[in-house]
Amino acid sequence: MDYIERIKPYHLDVLREIGNIGAGNAATALSTLLNKSIDMKVPSVRVVSFQEIADLVGGEDNVVAAIFLRLEGDAPGSMFLLIPVAEAEQLIQRLIGNSTFQLSEPPFEELGLSALQELGNILAGSYLSALSDFTKLNLQPSVPAISIDLAGAILSFGLIELSQVSDYAIVIDTEVQEMDNEFSQSSGHFFLLPDPNAFEKIFKSLGVEMDE
């Protein structure tokens, strides 16, 4: 049986709790970076098919900001962070203090893209740090790659190799909000795609056996 078919709700609950710890660490880092009080949480963790991923970000024809990282170490895999382009613009505008920054038409300002890359570093690093602390596994993210494109194009390029070994991804929903601004909420989706055997290795390290 494929490992992904053995995932139970309590496995996802463990990932969600770890995600919330990572989100708390990321919120602290973002608060320092933005000099604003930031709240971040992981409301849910789900398993979806590759076909469903595009639907979560508005469909294949929706333009998204994407950050891709390769996970290296004891449990290798890949990670995507997909953010609707309008919300990515708002996040970057706050990061660089420039309300005119846009992602609707290239060329894009390098400072803004660097800020988006740093955001990916903070979010992925915080989540992986929490996961490493719990599992005692060595998990290291690569330097993030950034793309602004149609969701369908990004996913087709990024997932084509992974689709050879699995048809599913673990989705870690992420919400970011400024505490003093009720209209500032942004949401994104982390897609965690462990290599074969990596997911089982993670949960064995947590003391959770996968059912046969």
Side-chain angles (χ1 to χ4, degrees), residues 3-4 7 10-48 65-83 87-88 91-92 94-95 113-147 158 162 169-179 185-208 210:
Y3 76 95
I4 208 76
I7 296 175
Y10 64 86
H11 296 142
L12 299 179
D13 286 342
V14 172
L15 273 182
R16 183 172 59 82
E17 288 307 310
I18 293 172
N20 274 311
I21 292 170
N25 295 337
T28 300
L30 279 178
S31 295
T32 302
L33 193 63
L34 295 171
N35 195 27
K36 295 178 180 178
S37 182
I38 301 295
D39 182 46
M40 186 178 297
K41 59 185 177 181
V42 174
S44 66
V45 175
R46 293 166 286 161
V47 177
V48 301
I67 301 171
F68 173 79
L69 307 99
R70 181 67 190 163
L71 308 185
E72 301 163 348
D74 295 333
S78 298
M79 234 177 175
F80 273 94
L81 172 62
L82 298 185
I83 308 173
E87 295 185 14
L91 278 172
I92 294 170
R94 295 200 292 274
L95 281 169
L113 295 181
S114 295
L116 184 61
Q117 187 176 41
E118 180 60 19
L119 178 66
N121 269 327
I122 289 172
L123 294 179
S126 296
Y127 178 77
L128 291 177
S129 177
L131 192 58
S132 293
D133 287 346
F134 271 80
T135 62
K136 308 304 180 185
L137 295 172
N138 176 33
L139 300 171
Q140 299 294 330
S142 68
V143 175
I146 298 171
S147 180
L162 293 166
I170 299 166
V171 183
I172 304 161
D173 294 325
T174 304
E175 293 181 355
V176 184
Q177 183 171 7
E178 289 180 32
M179 295 296 288
Q185 182 166 304
S186 300
S187 61
H189 303 282
F190 262 118
F191 298 96
L192 178 61
L193 303 114
D195 287 356
N197 301 321
F199 187 87
E200 189 162 2
K201 183 180 292 186
I202 288 170
F203 277 99
K204 281 187 176 180
S205 297
L206 289 170
V208 180
M210 300 291 285

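Legend: residues meeting side chain to side chain contact (heavy atoms under 4.5 Å, CB included) with Val171, ordered by chain and number and at least two apart, are Arg46, Val48, Leu56, Asp173, His189, Phe191.
Ile122 CD1 to Leu30 CG: the interatomic distance, rounded to the nearest 0.5 Å, is 5.0 Å. Taken from CG in Leu119 to CD1 in Ile67, the straight-line distance is 5.5 Å, to the nearest 0.5 Å. Summarising the geometry, atom CG belonging to Asn121 is positioned 10.0 Å from atom OG belonging to Ser126; distances are rounded to the nearest 0.5 Å. Here the straight-line distance linking atom CD1 of Ile18 with atom CG of Asp13 works out to 11.0 Å at 0.5 Å rounding. Atoms OG1 and CD1, on Thr174 and Ile83 in that order, are 8.5 Å from each other to the nearest 0.5 Å. Note that the NE2 atom of His11 and the CD1 atom of Ile202 stand 12.0 Å from one another [nearest 0.5 Å].
Between Pro76 and Ala198 the shortest heavy-atom distance is O-CB, 3.4 Å. Contact between Ala88 and Ala65 at its shortest, heavy atoms only, is CB-CB, 3.6 Å. Considering all non-hydrogen atoms of both residues, Ala130 and Ile21 come closest at CB-CG2, 4.0 Å. For the pair Val42 and Arg16, the tightest heavy-atom approach, listed with the atom from each and the gap, is O-CG, 3.5 Å.
Gln177 places none of its side-chain heavy atoms less than 4.5 Å from the side chain of Ile38. A 4.5 Å side-chain heavy-atom check between Leu15 and Tyr10 finds every atom pair outside the cut-off. A heavy-atom distance below 4.5 Å is found between the side chains of Met40 and Leu123.
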| query | Can you list the steps and then say if Leu71 with Leu192 is a side-chain contact (heavy atoms from CB on, under 4.5 Å)? | reply | CA-CA 9 Å; Leu71 308 185; Leu192 178 61; 3.6 Å; yes

| request: Tell me, with the steps shown, if Leu193 and Ile170 meet side-chain contact (heavy atoms from CB on, under 4.5 Å). | output: CA-CA 6 Å; Leu193 303 114; Ile170 299 166; over 6 Å; no

| task | Check step by step if side-chain contact (heavy atoms from CB on, under 4.5 Å) holds for Val45 and Phe190. | result | CA-CA 9 Å; Val45 175; Phe190 262 118; over 6 Å; no

| Can you check side-chain contact (heavy atoms from CB on, under 4.5 Å) on Ser147 and Phe68, steps first, answer last? | CA-CA 8 Å; Ser147 180; Phe68 173 79; over 6 Å; no

If you look only at distance, which donor and acceptor atoms sit under 3.5 Å apart when one is on a side chain in residues 134-145 and the other is two or more places apart or in another chain?
{"unit_1": "Thr135", "atom_1": "OG1", "unit_2": "Leu131", "atom_2": "O", "d": "2.8"}
{"unit_1": "Thr135", "atom_1": "OG1", "unit_2": "Leu137", "atom_2": "N", "d": "3.2"}
{"unit_1": "Lys136", "atom_1": "NZ", "unit_2": "Asp133", "atom_2": "O", "d": "3.2"}
{"unit_1": "Asn138", "atom_1": "OD1", "unit_2": "Gln140", "atom_2": "NE2", "d": "3.1"}
{"unit_1": "Ser142", "atom_1": "OG", "unit_2": "Arg70", "atom_2": "N", "d": "2.9"}
{"unit_1": "Ser142", "atom_1": "OG", "unit_2": "Arg70", "atom_2": "O", "d": "3.4"}

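Between the side chain of Lys201 and the backbone N or O of Asp74, at least one donor-acceptor pair lies under 3.5 Å.
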